[in-house]
Enquirer: 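Got a structure here, written out as structure tokens. Questions coming.
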Amino acid sequence: MAANWQRGMMRLMRIANHPAQVVAIEDYTPWYRRIVFRAPEVTASVDGFPTLWLRLWVPHPAKGEGFLVQRGYTFVTLDAETSTFSLDFVLHDVAGPAGDWAKTASLGDTLEVALTPARIDIPDGTTTLVLAGDSTALPAINTWLESVPDAVTCRVFVEEDHADRGSLPQIIRENGTWEWVTREGDRGAALADAVRAAVSPGEGIYGWGAGEKTLVKNVRGAFREHLGLDRGHHFTQFYWIEGKATG
Ligand SMILES: Cc1cc2nc3c(=O)[nH]c(=O)nc-3n(C[C@H](O)[C@H](O)[C@H](O)COP(=O)(O)OP(=O)(O)OC[C@H]3O[C@@H](n4cnc5c(N)ncnc54)[C@H](O)[C@@H]3O)c2cc1C
């Protein structure tokens, strides 16, 4: 039997797992689903901040009965009073344990989750936040929009081809813009062009980007080369790789 090394490693690192039970399911589109979990241990032990994510343990039946793998998902709500949090799932067409689990999730289903300590802060003096990604980054983008002070201008760019993309959850701020970008060529090429066309280099800009690996590479290029942002003024992270399972 293959070793469930991910779980073994997490135990060695003393990262605790906590139960989370599905209590509500809401579909924004046929391929984008919000799932609300009841998880008192989680809500009691975590403070929300933008982009906070967790590791969700999901069954991977192809690897054997009872085999679990972890996948990253972003908190979109976190409410200590009701002991609930929610995650948004892109229900992608290609099979994958987390996407497949979310497609068939039912009320009462229980999973385990592990928390991640990574915390991100924007530097003092930030006046414009540039947020760019695909729909897997949308949950994190919305947490930014809910958290940053009103005085900070937020420029959002999301590359997403579905015709019903306008139905996705979007936090609207007075001081900000949303731009949906349709893919052209490599993932993120049109997205990076959109950032270059809409945002001029200047003081006080912080860039954040996430999504598919090639898309993120393109966004990072726009942040560094066009906007001239140094390491302290941008953060990018790839969330998934086209054609490759997470492991
Ligand atoms: C920090 C972090 C936060 C994240 N937050 C979210 C989030 O809030 N919501 C969210 O939906 N995702 C989020 N992701 C991305 C998610 O973890 C990946 O999409 C993951 O690959 C899904 O796992 P899976 O088991 O469904 O597919 P995997 O087993 O990893 O992959 C199976 C196949 O599906 C493809 N695939 C995976 N994801 C997608 C996709 N989105 N679109 C098209 N094809 C895909 C892969 O290329 C592969 O061919 C986050 C990732 C990280 C690291």
Side-chain angles (χ1 to χ4, degrees), residues 26-29 31-36 43 46-54 72-80 82 84-90 116 118-160 162 164-182 188 190-192 194-200 202-212 215-216 219-220 222-223 227 229 232-240:
E26 180 184 1
D27 287 334
Y28 285 88
T29 71
W31 53 274
Y32 192 99
R33 164 169 287 185
R34 178 162 298 177
I35 299 184
V36 184
T43 56
V46 73
D47 283 332
F49 56 87
T51 77
L52 178 65
W53 57 285
L54 51 63
Y73 283 87
T74 308
F75 285 97
V76 280
T77 67
L78 186 58
D79 183 353
T82 57
T84 60
F85 69 83
S86 47
L87 307 176
D88 284 357
F89 293 81
V90 175
T116 53
R119 187 178 187 110
I120 188 165
D121 276 317
I122 54 176
D124 287 345
T126 300
T127 51
T128 300
L129 191 56
V130 180
L131 304 163
D134 61 21
S135 46
T136 63
L138 187 60
I141 288 173
N142 278 325
T143 63
W144 276 120
L145 297 176
E146 281 178 322
S147 315
V148 293
D150 289 346
V152 176
T153 302
C154 294
R155 310 292 305 272
V156 179
F157 302 86
V158 181
E159 186 171 290
E160 173 52 64
H162 283 90
D164 53 2
R165 62 194 184 187
S167 303
L168 295 175
Q170 297 178 58
I171 302 290
I172 304 294
R173 291 164 58 95
E174 264 182 34
N175 194 5
T177 56
W178 271 86
E179 191 173 326
W180 293 103
V181 178
T182 300
L191 186 65
V195 171
R196 281 189 282 262
V199 188
S200 304
E203 293 294 306
I205 300 178
Y206 187 85
W208 181 93
E212 199 279 330
L215 174 144
V216 169
V219 166
R220 197 165 49 232
F223 286 169
L227 294 178
L229 302 178
H233 289 86
H234 74 279
F235 178 86
T236 57
Q237 180 175 8
F238 74 81
Y239 279 3
W240 62 284

Enquirer: List the atom of G188, the atom of E159, and the distance in Å for their closest heavy-atom pair.
Expert: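 Residues G188 and E159, closest heavy atoms: N-OE2, 3.0 Å.
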Enquirer: Quick check for you: to the nearest 0.5 Å, what is the distance between E174 atom CD and T153 atom OG1?
Expert: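 E174 atom CD to T153 atom OG1 measures 11.5 Å (nearest 0.5 Å).
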Enquirer: Locate the shortest heavy-atom distance separating F223 from G209; write the atom from each residue and the value.
Expert: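 Heavy-atom minimum between the residues: CE1-N, 3.9 Å.
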Enquirer: The criterion is salt bridge (charged side-chain N to carboxylate O under 4.0 Å, His left out); which residues satisfy it with R155, sequence neighbours excluded?
Expert: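 Here no residue qualifies.
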Enquirer: Can a donor-acceptor pair be found, under 3.5 Å and without considering hydrogens, that links the side chain of E160 to the backbone of R165?
Expert: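 No; zero donor-acceptor contacts below 3.5 Å.
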Enquirer: What distance separates Y73 OH from L52 CG, expressed to the nearest 0.5 Å?
Expert: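 Result: 16.0 Å between the selected atoms.
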Enquirer: V219 versus V195: any side-chain heavy-atom pair under 4.5 Å?
Expert: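 No, side chains not in contact.
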Enquirer: Of all the heavy-atom pairs spanning A137 and G133, show the shortest one and how long it is.
Expert: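 Looking at all heavy atoms of both residues, the closest pair is CB-CA, 4.0 Å.
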Enquirer: State, to 0.1 Å, how close T182 and A190 come at their nearest heavy-atom pair, and which atoms those are.
Expert: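 Minimum heavy-atom separation between T182 and A190: O-CB, 3.4 Å.
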Enquirer: Is the side chain of D134 donor-acceptor paired with the backbone N or O of E212 at a distance under 3.5 Å, no angle test?
Expert: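 Pair found, side chain donor or acceptor close to backbone of E212.
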Enquirer: Is F49 atom CZ crowded by more than 12 heavy atoms from other residues, nucleotides or ligands, each under 6.0 Å away?
Expert: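 Yes, CZ of F49 has more than 12 neighbouring heavy atoms, counting only those of other groups under 6.0 Å.
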Enquirer: Rounded to the nearest 0.5 Å, what separates atom OG1 in T116 from atom CH2 in W53?
Expert: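 Those atoms lie 5.0 Å apart.
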Enquirer: Please step through side chain to side chain contact (heavy atoms under 4.5 Å, CB included) for the pair W144 and I120, ending with a clear verdict.
Expert: CA-CA 10 Å; W144 276 120; I120 188 165; 4.0 Å; yes
Enquirer: Do V199 and L227 come close enough that some side-chain heavy atom pair is under 4.5 Å?
Expert: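 A side-chain contact under 4.5 Å exists here.
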Enquirer: For residues A151 and N175, report the shortest heavy-atom separation together with the two atoms involved.
Expert: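 Looking at all heavy atoms of both residues, the shortest contact is O-ND2, 3.2 Å.
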Enquirer: Answer yes or no: is there a side-chain heavy-atom contact under 4.5 Å between Y32 and P169?
Expert: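 The answer is yes; the side chains approach within 4.5 Å.
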Enquirer: State whether the side chain of T143 and the backbone N or O of T51 hold a donor-acceptor pair below 3.5 Å, judged by distance alone.
Expert: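 Looks like yes, one N/O pair under 3.5 Å.
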Enquirer: Decide yes or no for V130 and F157: does some side-chain heavy atom of the first lie under 4.5 Å from some side-chain heavy atom of the second?
Expert: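 The answer is yes; the side chains approach within 4.5 Å.
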Enquirer: Would you compute the distance between atom SG of C154 and atom CD1 of I172 and round it to the nearest 0.5 angstrom?
Expert: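 Result: 11.5 Å between the selected atoms.
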Enquirer: Between T236 and V216, is there a donor-acceptor pair closer than 3.5 Å when you use the side chain of the first and the backbone of the second?
Expert: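 Absent.
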Enquirer: Using 0.5 Å steps for rounding, measure from the CG atom of D121 to the OG atom of S147.
Expert: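 It is 10.5 Å, given to the nearest 0.5 Å.
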Enquirer: Step by step, would you call H162 with T29 a side chain to side chain contact (heavy atoms under 4.5 Å, CB included)?
Expert: CA-CA 10 Å; H162 283 90; T29 71; over 6 Å; no
Enquirer: Tell me if a side-chain donor or acceptor on D79 pairs with a main-chain N or O of T84 at a distance below 3.5 Å.
Expert: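 Between the backbone of T84 and the side chain of D79 there is no qualifying donor-acceptor contact (under 3.5 Å).
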Enquirer: Has E26 got a side-chain atom pairing as donor or acceptor with R34's backbone, closer than 3.5 angstrom?
Expert: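 Pair absent, no side-chain N/O of E26 close to backbone of R34.
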Enquirer: Would you please name every residue forming a ring pair (Phe, Tyr, Trp, His ring centres under 6.0 Å) with W240, sequence neighbours left out?
Expert: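 So W240 forms no ring pair (Phe, Tyr, Trp, His ring centres under 6.0 Å) with any residue.
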Enquirer: To the nearest 0.5 angstrom, please state how far the CD atom of E203 sits from the OG1 atom of T126.
Expert: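 The CD atom of E203 sits 11.0 Å away from the OG1 atom of T126.
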Enquirer: Taking all atoms of both residues into account, what is the closest heavy-atom pair of A194 and V181, and its distance?
Expert: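 Answer, listing the atom of A194 first, then V181: CB-CG2, 3.8 Å.
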Enquirer: Before you tell me yes or no, could you show the steps for L131 and L145 under side chain to side chain contact (heavy atoms under 4.5 Å, CB included), namely the whole-Å CA-CA distance, both residues' side-chain angles and the distance that decides it to 0.1 Å?
Expert: CA-CA 9 Å; L131 304 163; L145 297 176; 4.0 Å; yes
Enquirer: Less than 4.5 Å apart, side chain to side chain, heavy atoms only: is that true for L138 and D88?
Expert: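 No; the side chains remain at least 4.5 Å from each other.
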Enquirer: Could you label the plane-to-plane angle of the W208 and Y239 rings as parallel, tilted or perpendicular, counting under 30° as parallel and over 60° as perpendicular?
Expert: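 Judged by the thresholds at 30° and 60°, the geometry between W208 and Y239 is perpendicular.
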Enquirer: Side-chain contact test, heavy atoms from C-beta onward, threshold under 4.5 Å: evaluate it for N142 versus P139 and give yes or no.
Expert: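 Not in contact.
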Enquirer: Which residues satisfy the side chain to side chain donor-acceptor pair (under 3.5 Å) test with T43, sequence neighbours excluded?
Expert: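 So T43 forms no side chain to side chain donor-acceptor pair (under 3.5 Å) with any residue.
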Enquirer: Decide yes or no for V46 and L54: does some side-chain heavy atom of the first lie under 4.5 Å from some side-chain heavy atom of the second?
Expert: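 Not in contact.
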Enquirer: Run the side chain to side chain contact (heavy atoms under 4.5 Å, CB included) check on Y206 and V148 step by step: do they pass?
Expert: CA-CA 12 Å; Y206 187 85; V148 293; over 6 Å; no
